[in-house]
S.K.: 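Here you go, one structure.
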Amino acid sequence: DLFFINILQRKESVLVKENKKDGVNYRCYKIKATFQAPFDLTQFPSDCQNLPVYIAHRDKNSTHIMLTVDSKHMDDAPINEINPQEWWFIEKKISSVLYRYTSTFGDPDYRIGAHYKSRIYFSTIKSVIIIKRKLFPYMFNLFLPLAIILTISMLITEIPVDQYGMRVGASMTALLSILLYYLAQK
């Protein structure tokens with residue numbers, strides 16, 4: 001059976017078409033699911049993310065089953081609905097690759113190492129959707145309030161030096177406002 005390597009939750013699975021004639025067997029599924037992938041947030045809030053989906057067979061290697069991409073019948077249209085809606089669709093890539101695991105999975109037929117003539121590869125389909133975060137909402141939700149608080153804290157320098165208590169109170173209020181603002185964002 002085929003499985004998704006990085007699936008979190010399968011919501012719907014529908015067999016669309018099946019053909020078993022002339023020695024070539026194929027099945028076409030429509031699957032709706034939630035997948036997991038690590039995000040690289042080092043460039044936040046102007047980051048791009050790769051959302052991969054990996055499909056493979058549980059126990060049949062490439063000599064038994066070959067997964068291929070039907071690019072002739074694929075839709076190249078951009079994805080219009082991405083949730084949450086703070087992302088722009090950039091592009092999608094799909095490829096069929098052979099992958100070699102470093103384990104024999106307990107099967108002596110799966111040979112590993114340089115001493116064997118044949119190495120066992122597994123057929124895998126890799127689909128990647130590339131998305132970019134929308135920067136505009138962060139301007140109003142993150143940067144603008146912070147800029148207002150920092151501007152107010154810069155105005156503390158205009159308070160006369162002899163009014164020490166007022167300067168300290170205003171400084172502490174500005175620092176606590178920034179701290180509470182960041183805590184409220186999490």
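Remember, predicted model here, so these are calculated numbers, not experimental data.
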S.K.: Rounded to the nearest 0.5 Å, what separates atom CD in Gln85 from atom CG in Asn80?
M.R.: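 CG of Asn80 is found 11.0 Å from CD of Gln85.
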S.K.: Set out, in order, the CA-CA distance, both residues' side-chain angles and the distance that settles side chain to side chain contact (heavy atoms under 4.5 Å, CB included) for Leu41 and Asp47, then state yes or no.
M.R.: CA-CA 7 Å; Leu41 299 175; Asp47 55 334; 3.6 Å; yes
S.K.: Between Phe89 and Pro78, is there a side-chain heavy-atom distance shorter than 4.5 Å?
M.R.: yes
S.K.: With clusters defined by side-chain heavy atoms of hydrophobic residues (ILVMFWY) lying less than 4.5 Å apart, directly or transitively, does Ile65 cluster with Ile94?
M.R.: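 Same cluster: Ile94 reaches Ile65 through Ile, Leu, Val, Met, Phe, Trp or Tyr contacts under 4.5 Å.
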S.K.: Given side chain to side chain contact (heavy atoms under 4.5 Å, CB included), test Ile31 with Glu12 step by step and report yes or no.
M.R.: CA-CA 6 Å; Ile31 298 171; Glu12 180 183 351; over 6 Å; no
S.K.: Treat each ILVMFWY residue as a node, draw an edge where side-chain heavy atoms are under 4.5 Å apart, and state whether Ile148 and Phe136 are in one component.
M.R.: yes
S.K.: Tell me whether Gln43 at atom CD has more than 12 heavy atoms from other residues, nucleotides or ligands lying less than 6.0 Å away.
M.R.: no
S.K.: Given the ring of Trp88, does Lys134 sit roughly above its face, with NZ or CZ under 6.0 Å from the centre of the six-membered ring and within 45° of the axis?
M.R.: yes
S.K.: May I have the step-by-step check of side chain to side chain contact (heavy atoms under 4.5 Å, CB included) for Ile131 and Glu86, ending in yes or no?
M.R.: CA-CA 10 Å; Ile131 57 176; Glu86 64 184 72; over 6 Å; no
S.K.: Does any non-hydrogen side-chain atom of Val161 lie less than 4.5 Å from one of Arg167?
M.R.: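 Arg167 reaches Val161 side chain to side chain.
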S.K.: Quick one: closest heavy-atom pair of Ile149 and Ala174, and the distance?
M.R.: CG2-O, 3.8 Å
S.K.: Does Glu18 pair with Lys20 as a salt bridge, N-O distance under 4.0 Å?
M.R.: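 Yes, Glu18 and Lys20 are salt-bridged.
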S.K.: Closest heavy-atom contact between Ser95 and Val69?
M.R.: C-CG2, 3.9 Å
S.K.: Please name the pair of heavy atoms, one in Leu135 and one in Pro45, separated by the smallest distance, quoted to 0.1 Å.
M.R.: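 Closest approach of Leu135 to Pro45: CD1-CG, 3.5 Å.
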S.K.: Are any non-hydrogen side-chain atoms of Leu98 and Met66 less than 4.5 angstrom apart?
M.R.: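 Yes, close enough: below the 4.5 Å cut-off.
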S.K.: Nearest 0.5 angstrom please: Gln49 CD to Lys132 NZ, how far?
M.R.: 10.0 Å
S.K.: Kindly work out whether a path of hydrophobic side-chain contacts (I/L/V/M/F/W/Y, heavy atoms less than 4.5 Å apart) joins Val14 to Ile7.
M.R.: no
S.K.: Is the backbone N or O of Leu8 less than 3.5 Å from a side-chain atom of Thr34, with the two atoms forming a donor-acceptor pair by type?
M.R.: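 Checking the backbone N and O of Leu8 against the side chain of Thr34, no donor-acceptor pair under 3.5 Å is found.
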S.K.: Show your reasoning for whether side chain to side chain contact (heavy atoms under 4.5 Å, CB included) applies to Asn19 and Lys17.
M.R.: CA-CA 7 Å; Asn19 189 353; Lys17 189 174 182 181; 5.5 Å; no
S.K.: Just how far is it from atom OG of Ser62 to atom CZ of Phe122, taken to the nearest 0.5 Å?
M.R.: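 So the gap between those two atoms works out to 8.0 Å.
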S.K.: Please answer: with hydrophobic residues joined when any side-chain heavy atoms are less than 4.5 Å apart, are Leu146 and Leu175 in the same cluster?
M.R.: no
S.K.: Do Phe4 and Val53 come within less than 4.5 Å of each other through their side chains, counting heavy atoms only?
M.R.: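 Side chain of Phe4 against side chain of Val53, heavy atoms only: contact under 4.5 Å found.
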S.K.: Looking at Tyr164, I want to see if its OH is surrounded by more than 12 non-hydrogen atoms of other residues, nucleotides or ligands under 6.0 Å.
M.R.: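 No, the 6.0 Å shell around OH holds no more than 12 heavy atoms from other groups.
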S.K.: Calculate, to the nearest 0.5 Å, the distance between atoms OG and CD1 belonging to Ser96 and Ile55 respectively.
M.R.: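 These two atoms lie 10.0 Å from each other.
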S.K.: Would you call Asn6 and Pro52 a side-chain contact if the rule is heavy atoms closer than 4.5 Å?
M.R.: yes
S.K.: We want to know whether Lys92 and Ser127 form a side-chain donor-acceptor pair, criterion being a heavy-atom distance below 3.5 angstrom.
M.R.: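 Note: Lys92 and Ser127 side chains miss the donor-acceptor criterion.
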S.K.: Hey, quick one: are Leu155 and Ile159 part of the same hydrophobic cluster, counting side-chain heavy atoms closer than 4.5 Å, chains of contacts allowed?
M.R.: no
S.K.: Any side-chain heavy atom of Ile130 within less than 4.5 Å of one from Lys93?
M.R.: yes
S.K.: Are the side chains of Leu51 and Val128 in contact, using a 4.5 Å heavy-atom criterion?
M.R.: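 Side chain of Val128 against side chain of Leu51, heavy atoms only: no contact under 4.5 Å found.
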S.K.: Could you tell me the separation between the CZ atom of Phe35 and the CD1 atom of Ile5, rounded to the nearest 0.5 Å?
M.R.: 11.0 Å
S.K.: Please examine the side chains of Glu158 and Ile156, heavy atoms only from C-beta on, and report whether any two atoms are closer than 4.5 Å.
M.R.: no
S.K.: Once you round to the nearest 0.5 Å, how far does CD1 of Ile125 lie from OH of Tyr54?
M.R.: 13.5 Å
